[in-house]
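The structure appears below as structure tokens.
Values reported hereafter were calculated over all heavy atoms of this structure, with side chains retained and with hydrogens, waters and symmetry mates removed. Just so we're on the same page: letters track the sequence lines, and every chain starts at 1.
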Amino acid sequence: MSSIKKTLLTVLMPVFLQACAIQHQQVNSLAEQLDQSTPSATLLSLQEINPPARDRAQYLLNTGLLKSVTGDFEGGIDDLQNAKDILNSLQATSVSENLAAATINETLRGYDGSASERVLLHELLSINYLMLDDLDAARVEVLQAAVVMDELATEEKPVGQLASAHYITGLVYELGGELDNARISYRKAANLMTLRNLSLPSFLQNGQGSLGSDLGMDESADQYREQAFLPAEPPDPNTAEIIVIYWDGVVTSKRGTSTSVWVPSMNQVVSLALPHYPPSDYVHQPFTLNIAGQQYRTETIEDIEALLREDLDGESAAIYAMTLARIVSKHQFVKSANEQNSGLALFANIVTMLTESADIRSWNMLPSTIQIGRFSLPAGEYSLPYPLNPESLPASPAESKLAVSPGEKVVLFVPGVSKRIFSFRQAPRL
Amino acid sequence: MLVLASFLVAGCGTKVTRIDADETTDLSGAWNDTDSRLVAEEMIADALSRPWTSNFAGETGRAPAVIVGTVRNFSHEHINMNTFIADMERALVNSGRIEFVASSEERGEIRAERVDQDLNATEETRNEAGQEFGADFMLKGQINTIVDADGDEQVRYYQVDLTMISLADNRKVWLGQKKIKKLVENGKVRY
């Protein structure tokens with residue numbers, strides 16, 4: 001390669017990398033404004049960004065999520081399935097990406113998602129299929145989530161183990177009449193929450209009432225309730241069971257901390273850029289239904305803010321090791337420039353400083369918490385605070401009515417950012 | 001760094017090669033067209049070789065009429081059940097040993113057409129309602145999987161269960177089972 005080409009490439013690379021960093025910050029600010037904006041407007045803004053191939057998975061995760069929370073479940077599934085294919089293809093270690101991370105910066109890796117994000121992807125897909133009334137496809141996704149969680153499981157830490165994923169798995173089994181499997185999944189959800197020192201929500205202590213009655217035999221039902229955190233009494237067959245999946249808030253985006261220090265002994269500027277999560281300003285807000293003078297509230301089953309920080313902690317050893325390797329390689333680059341002339345060394349120092357950029361990519365449009373509410377209601381018609389299964393977004397979110405029949409199971413998906421309610425209904429089993 | 005940059009800007013073009021539809025191509029290790037076709041053909045061949053067809057023909061003097069009911073996907077993969085069901089229907093019809101009637105979805109469309117004919121077609125070409133051929137047996141089934149994964153290796157075990165049920169008395173006249181086991185080894189390193 002001629003010296004002109006080398007110089008041109010060295011000059012252009014920081015410019016190109018800065019453009020990428022700006023794009024990452026753009027995605028982060030869209031996520032940060034999602035709570036004040038609308039998912040539809042955010043989706044339009046996001047679609048104006050043309051991400052490079054290595055950021056494609058992050059882009060599809062976000063577009064898939066935004067489509068899902070606005071009720072475009074087919075579109076959401078398309079994007080999320082594409083994201084899944086990319087994430088799966090990136091699980092093998094890449095020689096070129098590691099080389100790039102060790103010499104330039106971490107953002108040159110293909111975005112392959114954190115452990116929890118990989119599980120949450122299946123969880124969102126299963127909700128999407130459920131809202132499309134495709135229970136078998138939802139079952140496929142919860143099984144895939146179980147395989148991913150098994151692959152991620154370690155003896156030391158519950159990395160990539162999600163109580164909400166187990167709960168949704170249990171729910172899908174329960175709706176499909178597979179009560180034994182449902183019980184095991186609910187138990188796993190409860191065990192994980194206990195392991196993380198989180199207080200068990202009421203629906204995991206005594207919430208699976210309908211399972212007991214579904215068994216049909218009194219003796220078995222008693223035994224079953226005892227084993228699976230079930231209430232002493234089966235629910236009234238004249239009531240409908242409401243299961244609310246509520247997504248509250250928007251998870252905090254990663255930030256980068258950059259430090260540049262002149263080290264005289266090395267005759268070089270040493271630059272470090274590391275990702276971190278700033279303190280969360282999330283304020284917990286349950287979804288509340290006021291029905292016939294009684295309040296029904298959702299309870300937190302998953303603190304995604306905490307999970308993603310846990311994931312980053314788990315990745316930190318590898319990030320630090322790569323940062324150290326990068327300092328060494330950049331030092332060699334400056335040193336070799338310095339051997340040619342001091343002007344070139346100054347230029348090399350600037351290039352190493354400008355190319356140092358923290359990887360702040362994440363699935364940053366996820367909710368801060370996933371909450372579940374589970375309760376029985378007598379057959380009848382009830383007011384909901386947001387539109388139910390709206391065809392399109394109304395100008396101002398309005399109330400709507402939910403009519404329920406005896407023995408019916410109704411799953412409501414309530415994404416807080418879209419202020420809409422989507423439903424899956426299951427008639428009583430004969 | 002410069003060498004690395006040249007790696008980064010390098011791209012690959014798309015190449016398309018046409019291959020025979022019957023050729024086995026395993027790319028990801030997931031359930032594919034070959035699995036669907038082979039399982040359907042083998043299971044239907046097994047079903048037709050069992051005594052229920054001849055028993056029915058002996059009792060009634062005609063070939064049994066079969067309808068394909070629900071075949072549920074309980075596997076770890078999104079399987080296009082329509083291609084699997086179509087493969088089974090093709091194998092059943094082409095055997096020439098059974099009659100085959102339209103599924104409930106297809107019947108709805110045909111009945112709507114018959115109603116339309118009743119209003120719009122000439123008397124000579126009109127097809128009357130109430131002349132449908134009732135099925136004697138329904139074929140139902142499910143696909144289950146067990147996935148055992150460890151690191152980069154995965155064993156995928158598929159079990160396809162089909163049942164032929166008599167619509168007259170709910171008797172199960174044939175139970176078919178086909179198992180497939182695949183070892184999928186994912187690459188540890190990529191370029």
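Around atom NZ of A/Lys157, no more than 12 heavy atoms belonging to other residues, nucleotides or ligands sit under 6.0 Å away. Environment of NZ in A/Lys84: crowded, with over 12 heavy atoms of neighbouring residues, nucleotides or ligands closer than 6.0 Å. By the neighbour-count criterion of 12 heavy atoms within 6.0 Å, atom CZ of B/Arg171 is sparsely surrounded, having that number or fewer from other residues, nucleotides or ligands. The number of heavy-atom neighbours closer than 6.0 Å to CG of B/Asp20, taken from other residues, nucleotides and ligands shown, is above 12. At most 12 non-hydrogen atoms from other residues, nucleotides or ligands lie less than 6.0 angstrom from CG of A/Asn50.
Residue B/Thr145 holds its OG1 atom at 6.5 Å from CG of A/Leu143, rounded to the nearest 0.5 Å.
Residue A/Asp150: no heavy atom, backbone or side chain, is found under 4.5 Å from chain B.
When A/Leu90, A/Val142, A/Val147 are compared by the number of non-hydrogen pairs under 4.5 Å with chain B, A/Leu90 comes out ahead.
Using non-hydrogen atoms only and a strict 4.5 Å limit, the part of residues 62-96 of chain B facing chain A consists of B/Arg72, B/Asn73, B/Phe74, B/Ser75, B/His76, B/Glu77, B/His78.
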